[in-house]
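Structure first, commentary second.
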Amino acid sequence: MLTGSPRPVVTGASLVRAAALLLLAAAVAKLVARGLAEPEVACSFAALVTVGEAVRAGAPGEHGQAPLGAAAGLAYALLGPLHGLPTGHGVLQVVAVTGVGALAGALLRSAGRAARHRGRGERRATVPRPRTPARPHTTSRPQARSRDRRAAVCGALRCRVPAAVAWADGAARRLLTVGFAATLFQPLYLSGALDRMPLAGPAYGAFLVLVAALVGLADAVLATLQQPGGRFGAVLEDQVRALGGIGSAIAATGMLVSLAAGEVGLWALPVFCLPLLLAQASFRRAAAVRATYGQTIATLARATEVAGYTAPGHARRVADTACALGRELGLGTQQLALLEYAALMHDIGQLSLVEPVRGGATAGLPEPDQQRIARLGSEVIRCTGVPIPVAEQVARSADPLTGPDGRADRTLPLAARIIRVANAHEDLVGPAADDAAALSALRDGAGLTYDPVVVAALERLRAAGVGRCTVARTESG
């Protein structure tokens, strides 16, 4: 089975991490050389960033959101006078304080998780194990212990390395964003340019909003660079739209804390960050619900495999291919998530059949039978509570490309056309992995049964060396 093209050594995510690391190294070096300006203020903001990183919410595909830490860093970057007195921390001190706080928070979080795991291990050790009949020893006890130790280390690395990379991506993005905010604000404040400008009252607030908007745009660009695959414009559009959620709360809290600290001092930090901490708790719960939601859909999609209607892994492979096609055709993150749900459940209708389709391959059935299966599956999906577009995509995944008048049916969703091509490709390839014959069959049916745009996208993916089981999972978790 083909596994896809090798990953490039230099990616957008690696460039972002390298830039953040270089910036942090320069900031720490300057801090060591020239000392810390206003140590009490710097330590207070560093402590707040540490707390934010330690209690950050982790969710698949979200690069470890840390709203409180990001808001604290932004507030320090936008901090002018403190309780009526001028400050002089500068850009690099903002970066150093934010970076050190983030590292301290990550270490604190890791220590807490290690302590919890150790506690669980001790509780398991107190439970007596059932006696099992003795087995003949094929290896010595030291060899067995060494093998178990290696297996445990490998298992731990498999779990922790992706999580560490996700944290590094999120921390690098937050550090560069805070550094950009400080670059926009601190030189103007330290040079006295802000005092010479007519920025009193609402005008000063509007200036901070403008800075926050530019910072949000920079954050969206960095997040787009960190996304593997997909078209830059479509991904950037998704990231800009996402700024209206937790991003707006982070920006508002950062601006509010910087303004309030100018009047009441450091007491503004805990007082005005508490609402964001409560919002983060809700965000964590929402992330857990969404993860359970995605797992439920994936489990439901396996019902046809367990019942023997489709081959093992069929739904997952179709969903992966469909997501790869969706990225190639410029679908955004939200559209990809709906496409993945629909592709996973596209064969649910087969459960209503008295006799299973041979091999579960519906691509060879007459079109009316394919449409009947798709409609039956759509009715089941409507009862599961998934978004309505998912059921509509499945219902129309076997519809013809043209309407009764012979013209192209413009109401046929692109996702439905993608699912039909992805499912047919999986059915035609079969266990023999004859990809050339499958592509030839799809090419012959392009314009009649299959959308030629989608077929061309599949050929481009295959020409680029992307395998039949490309893992292009979206944020379904």
State, to 0.1 Å, how close [X] and [Y] come at their nearest heavy-atom pair, and which atoms those are.
X      : Y      : result
Pro187 : Ser191 : O-OG, 2.8 Å
Ala20  : Leu175 : O-CD2, 3.6 Å
Leu222 : Val16  : CD2-CG2, 4.1 Å
Gly179 : Val95  : CA-CG2, 3.8 Å
Val178 : Gly73  : CG1-O, 3.5 Å
Ile418 : Gly326 : CD1-CA, 4.0 Å

Could you list the donor-acceptor pairs under 3.5 angstrom formed between side-chain atoms of residues 211-220 and any protein atom two or more places apart in sequence or on another chain?
unit_1: Asp219; atom_1: OD1; unit_2: Arg173; atom_2: NE; d: 2.9
unit_1: Asp219; atom_1: OD1; unit_2: Thr177; atom_2: OG1; d: 3.3
unit_1: Asp219; atom_1: OD2; unit_2: Arg173; atom_2: NH2; d: 3.3

Distance (rounded to the nearest 0.5 Å) between [X] [atom1] and [Y] [atom2]:
X      : Y      : atom1 : atom2 : result
Tyr341 : Leu344 : OH    : CG    : 9.0 Å
Glu38  : Leu82  : CD    : CG    : 8.0 Å
Trp167 : Glu53  : CH2   : CD    : 6.5 Å
Asp451 : Leu458 : CG    : CG    : 12.0 Å
Leu329 : Leu339 : CG    : CG    : 10.0 Å
Thr310 : Asp427 : OG1   : CG    : 9.5 Å

Within the side chain of [X], is there an N or O that forms a donor-acceptor pair under 3.5 Å with the backbone of [Y]?
X      : Y      : value
Ser258 : Met255 : yes
Arg317 : Pro312 : yes
Glu305 : Gly313 : yes
His425 : Ala422 : no
Thr321 : Val318 : no

- prompt: Do Arg302 and His314 touch side chain to side chain, with heavy atoms closer than 4.5 Å?
  reply: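 They are not in side-chain contact.
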Side-chain heavy-atom pair Leu68, Cys273 within 4.5 angstrom cut-off: yes
message: Going by the rule side chain to side chain donor-acceptor pair (under 3.5 Å), which residues pair with Arg34 if we only count those two or more places apart in sequence or in a different chain?
response: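 Applying side chain to side chain donor-acceptor pair (under 3.5 Å) to Arg34 gives none.
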message: So, using side chain to side chain donor-acceptor pair (under 3.5 Å) as the criterion, who are the partners of Thr50 when residues are at least two apart?
response: none
message: Can you tell me how the ring of Phe185 sits relative to the ring of Tyr189, calling it parallel under 30°, perpendicular over 60° and tilted otherwise?
response: parallel
message: Applying side-chain contact (heavy atoms from CB on, under 4.5 Å), can you list everything that pairs with Ala13, at least two apart in sequence or on another chain?
response: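 By the side-chain contact (heavy atoms from CB on, under 4.5 Å) rule, Ala13 matches Thr11, Arg17, Asp169, Gln226.
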query: Thinking salt bridges, do Glu426 and Arg316 make one under a 4.0 Å N-O criterion?
result: no
- prompt: Taking 4.0 angstrom as the limit, do Arg460 and Glu328 come out as a salt bridge?
  reply: yes
- prompt: Which of these, Val41, Val257, Leu74, Leu259, sits in a side chain to side chain contact (heavy atoms under 4.5 Å, CB included) with Leu79?
  reply: Val41
- request: Apply the side chain to side chain contact (heavy atoms under 4.5 Å, CB included) test between Leu48 and each candidate in Val97, Leu269, Leu266; give the one that qualifies.
  value: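 Only one option passes, and that is Leu269.
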message: For Arg443, give me all partners under salt bridge (charged side-chain N to carboxylate O under 4.0 Å, His left out), at least two apart in sequence or on another chain.
response: Glu459
field: Audit row: Leu92, Leu23, side chain to side chain contact (heavy atoms under 4.5 Å, CB included) steps and yes/no
entry: CA-CA 8 Å; Leu92 290 181; Leu23 181 61; 4.3 Å; yes
field: Test log, rule side chain to side chain contact (heavy atoms under 4.5 Å, CB included), inputs Phe45 and Thr98
entry: CA-CA 8 Å; Phe45 277 95; Thr98 305; over 6 Å; no
field: side chain to side chain contact (heavy atoms under 4.5 Å, CB included) evaluation trace for Met345 with Val386
entry: CA-CA 11 Å; Met345 297 188 289; Val386 299; 4.0 Å; yes
query: Take atom CD in Glu392; do more than 12 heavy atoms of anything else shown fall under 6.0 Å from it?
result: yes
- prompt: Please walk me through it: do Leu331 and Leu325 pass side chain to side chain contact (heavy atoms under 4.5 Å, CB included)?
  reply: CA-CA 9 Å; Leu331 293 186; Leu325 287 171; over 6 Å; no
Residue pairs, two or more places apart or on separate chains, that pass side-chain hydrogen bond (donor to acceptor under 3.5 Å, both in side chains) and touch residues 81-96: Tyr76-Gln93, His89-Gln186
